[in-house]
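Computed from a predicted model, the values in this text were never measured in an experiment. In the text below, chain A, chain B and the rest are named by the order of the sequence lines, each starting its count at 1.
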Protein chains: 2
Amino acid sequence: MLENLAVVLFRPKFPENVGSAARACLNMGVTNLILVDPYNFDMDKARPLATAHAKHVLENATIVETLPEALEGFTSVYGTTARTGGWRKGIMTPSTLSDVVNDRLRSGGKVAIVFGPEDKGLTNEETSLCSGLMTIPTSREGTSLNLAQAVVVVLYECFKKSLDKPFEADGPPQERPTTVQEQEALFSNLQESLLAIDFLKDDNPDYWMLPVRRFFSKINLRRNEFNLLMGVCRQIQWFVRTYGPDKKK
Amino acid sequence: MLENLAVVLFRPKFPENVGSAARACLNMGVTNLILVDPYNFDMDKARPLATAHAKHVLENATIVETLPEALEGFTSVYGTTARTGGWRKGIMTPSTLSDVVNDRLRSGGKVAIVFGPEDKGLTNEETSLCSGLMTIPTSREGTSLNLAQAVVVVLYECFKKSLDKPFEADGPPQERPTTVQEQEALFSNLQESLLAIDFLKDDNPDYWMLPVRRFFSKINLRRNEFNLLMGVCRQIQWFVRTYGPDKKK
């Protein structure tokens with residue numbers, strides 16, 4: 001899905017961050033990693049952070065000297081920045097970026113997302129090569145994200161959007177919601193059961209049922225849950241018939 | 001915005017991940033970090049990863065021995081898992097979780113999100129204490145996220161949603177949400193009641209309680225509703241004592 005999306009790390013300072021970024025790439029279905037002039041790059045420091053699973057992403061990473069070399073062949077390039085002032089208008093969020101990225105990919109494009117060095121980020125020289133800029137929302141107290149953490153957040157949004165169908169965890173499909181008729185059947189059954197055990201009073205059971213009804217009305221009750229509750233009611237009524245004060249002797 | 005959201009790291013193995021997680025917390029506006037029985041915890045290894053900015057989040061982290069201790073006082077608890085099969089139904093995504101979390105926070109709740117150990121994740125024992133479970137969508141090739149990366153993705157979604165303005169319906173203030181302790185008291189009372197009327201079987205009541213637990217965990221149960229349900233349980237138990245087959249003659 002994201003075969004034509006690449007992550008470009010521009011002058012990363014710490015090999016460990018490159019390794020972590022490689023792992024994050026694989027987690028989110030991206031295997032094309034490009035390093036531009038990495039500082040003191042050391043595969044042995046990067047590899048443990050990539051873990052065995054993403055070792056191939058790291059080892060197959062392309063290493064080039066300049067950003068223009070890295071961007072050859074791409075149709076769209078987006079830069080990430082923490083600086084949102086000044087002329088940097090129209091800056092996207094990860095969410096809006098991921099819409100654009102997936103649009104481009106689906107129309108046959110090749111997209112690169114560029115992340116700057118840990119300490120300084122991208123300068124105007126690099127961002128001028130980008131078709132658009134993106135910044136990750138943060139609290140005021142902690143505006144600086146770790147490089148690999150920024151990578152995982154941006155790719156997570158892209159991956160999420162790339163799934164044609166919304167992501168669904170494994171497991172059986174959800175049961176259908178109950179109809180109004182079923183809910184009424186449950187209420188009258190509940191009322192009968194609560195009367196049988198003297199929880200509700202005979203004189204005005206509808207009134208006493210109000211909080212019970214209110215409680216259930218806020219739930220999107222599903223069919224299996226309805227069955228469960230009807231079963232409890234049946235059991236209460238059976239118990240009362242069998243053992244209660246008016247039991248058939 | 002997220003003052004009442006806490007991140008709970010259950011038995012983290014690597015202090016470095018704890019440091020990275022602390023930084024991720026601050027980035028996304030969360031300052032309440034709780035460590036449960038951390039393995040070989042070493043503040044000196046964790047601190048550099050937290051960076052100077054998030055040092056206070058790390059140093060103010062609460063360290064406790066058990067998960068129940070960590071969860072004291074919270075009204076909703078969500079667990080993270082990579083295992084989505086079996087009975088683990090209705091698993092949320094970070095996006096759907098963040099809707100629920102923000103709902104709960106806005107209604108005055110205190111919410112904890114629990115992350116398991118790096119290698120094994122949470123076991124059924126821990127997830128049984130959670131009101132709901134969440135999994136992060138990943139590619140098939142790289143299903144295992146780094147712990148701090150999982151933290152940043154989940155908190156990023158929560159932070160993003162917290163920036164939206166809340167919808168406020170008119171009406172009287174709602175009752176406070178129930179605490180995890182109250183919910184557990186209700187479950188055990190319900191279990192006793194359902195056993196008393198033979199709805200649950202004596203051989204493995206915990207198993208039969210699973211759907212009942214699941215049903216209640218999706219509800220943001222409030223104090224008045226808790227009182228109502230505890231009243232029903234008391235009444236069932238009274239009825240069984242008074243009329244049941246083992247009644248005192």
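- Both the backbone and the side chain of Val212(B) come within contact range of chain A, judged by heavy atoms closer than 4.5 Å.
- When each of Asn224(B), Leu228(B), Leu145(B), Leu49(B) is scored by its heavy-atom pairs under 4.5 Å with chain A, the top score falls to Leu145(B).
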Identify every side-chain donor-acceptor pair in residues 149-157 of chain A under 3.5 Å, counting partners at least two apart or on other chains, and give the distances.
residue, atom, partner, partner atom, Å
Gln149(A), NE2, Ala148(B), O, 3.3
Tyr156(A), OH, Glu157(B), OE2, 2.6
Glu157(A), OE2, Tyr156(B), OH, 2.6
Glu157(A), OE2, Lys160(B), NZ, 2.5

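- For Val240(B), the parts lying near chain A are the backbone and the side chain together; criterion is any non-hydrogen pair under 4.5 Å.
- Comparing Ala24(A), Gly244(A), Gly142(A), Gly231(A) by heavy-atom pairs within less than 4.5 Å of chain B, the highest count is held by Gly142(A).
- Annotation: maximal heavy-atom pairing with chain B below 4.5 Å, among Ile136(A), Thr138(A), Asn27(A), occurs at Asn27(A).
- Residues Met209(B) and Leu200(B) meet the side-chain proximity criterion, which asks for heavy atoms closer than 4.5 Å.
- For residues 13-24 of chain A, the set of pairs meeting the salt bridge (Lys or Arg N to Asp or Glu O under 4.0 Å) definition, not counting sequence neighbours, comprises Lys13(A)-Asp119(A).
- Within residues 192-199 of chain B, the residues that have a heavy atom under 4.5 Å from a heavy atom of chain A are Leu194(B), Ala196(B), Ile197(B), Asp198(B), Phe199(B), listed by number.
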>> Walk me through whether Arg47(B) and Lys55(B) qualify under side chain to side chain contact (heavy atoms under 4.5 Å, CB included).
In response: CA-CA 6 Å; Arg47(B) 208 180 280 109; Lys55(B) 202 174 66 140; 3.7 Å; yes
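- In this structure, a donor-acceptor pair under 3.5 Å is absent between the side chains of Ser95(A) and Ser98(A).
- Qualifying side-chain hydrogen bond (donor to acceptor under 3.5 Å, both in side chains) partners for Asn102(B), counting only residues two or more places apart in sequence or in other chains: none.
- Exactly one residue among Val111(A), Asp99(A), Leu105(A), Ile113(A) makes a side-chain contact (heavy atoms from CB on, under 4.5 Å) with Cys158(A). That residue is Ile113(A).
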>> Is there a side chain to side chain contact (heavy atoms under 4.5 Å, CB included) between Thr81(B) and Leu122(B)? Walk through the geometry before answering.
In response: CA-CA 7 Å; Thr81(B) 176; Leu122(B) 299 174; 5.8 Å; no
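- Contact check for Leu147(B) versus Phe14(B): no side-chain heavy atoms found under the 4.5 Å cut-off.
- No part of Thr93(A) comes within reach of chain B, as not one of its non-hydrogen atoms sits under 4.5 angstrom from that chain.
- Counting heavy-atom pairs under 4.5 Å between each of Cys25(B), Pro94(B), Ser20(B), Gly29(B) and chain A puts Pro94(B) at the top.
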